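Data block below; observations after.
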Amino acid sequence: MDTQLTWYGQSAFKIETPGGKVLLVDPWLTNPVFERGTDEIDALKRVDLVLVTHGHSDHVGNAVEIGKKTRAKLVATFDLSAAIVTALGYPGELADVETTGHMGGTLTLLGGEITVTFVPAWHGSGVSKEETAPSVYGGNPSGLVIAIRGGPTIYHTGDTDLFSDMALVSRFHKIDIMLVCIGDHFTMGPVRASEAVKLVRPREVIPMHYGTFPVLTGTPEAFEAELTKRKIRVQVRVMKVGETLALSEG
Ligand SMILES: [Zn+2]
């Protein structure tokens, strides 16, 4: 079986491994551009892992509700995991040392079916219980390198600016698929995202974190134009919200 990748809008993805395990990354399913969010959460029978890149609500999203419902374990950096448990109520027994790590560390999970490596991102990571409440410290934001046995290696950038150390990501992992934020305003936009692709050199790139709110003005068209301008050889796959792609092994 191929690996299945579903995009829910913003930075939220579902990954189903060839072994049938289910991972959710930055699971904000009830976002403004995915109309079936609530139904989709109801329909989630099995989730093995919930992975979160940083503490902002458009990334933590429905993590706590999904964790309680499915008993998925929380994969995040140490400070972020602690904040999501203590401030938001993710079940603590599902956020133990096995699935908690930090920058540069690699976790081997699900009996070796996947590894997750935490890599840096330039952003913020405060966790807020309510919009009006002061945020709780959530450590440094991260990107995630998810290597799937019998499947591709996926780099989810999280929310970030371009930074030259992105080149180090592909020194240690051959990246097949890069999920890259392009929306501008809160993250890099198309110009800087295209430079990020140049540093990481993935086989395929999927744009994310655009179009959810009016201020996220970066478009896949502008992103593709910037890649073309720089003669970067990469396959761009623009996903529709709610679409599932089959991904072959790396
Ligand atoms: Zn965001």
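Both ligands and their constituent atoms are indexed starting at 1 by order of listing. Quick caveat, the model's predicted, so the values are computed rather than measured. Counting from 1, the numbers follow the sequence of the chain as shown.
- Between Lys229 and Glu226 there is a salt bridge, since at least one side-chain N of the basic residue sits less than 4.0 Å from a carboxylate O of the acidic one.
- Under the 30°/60° scheme for interplanar angles, the aromatic rings of His123 and His54 are found to stand perpendicular.
- Distances from the Zn ion (ligand 1) to the N/O/S atoms of Asp159 are shortest for OD2.
- We find that Asp48 and Lys73 are not joined by a salt bridge, their nearest charged nitrogen and carboxylate oxygen being 4.0 Å or further apart.
- The Zn ion (ligand 1) lies closest to atom OD2 when only the N/O/S atoms of Asp58 are considered.
- Other members of the hydrophobic cluster containing Val215, listed by chain and number, are Trp28, Phe186, Phe213, Leu216; membership follows side-chain contacts under 4.5 Å among ILVMFWY residues, whether direct or relayed.
- Here His123 fails the criterion, with no N, O or S atom under 2.8 Å of the Zn ion (ligand 1).
- For the Zn ion (ligand 1), the set of nearby N, O or S atoms under 2.8 Å includes one belonging to His209.
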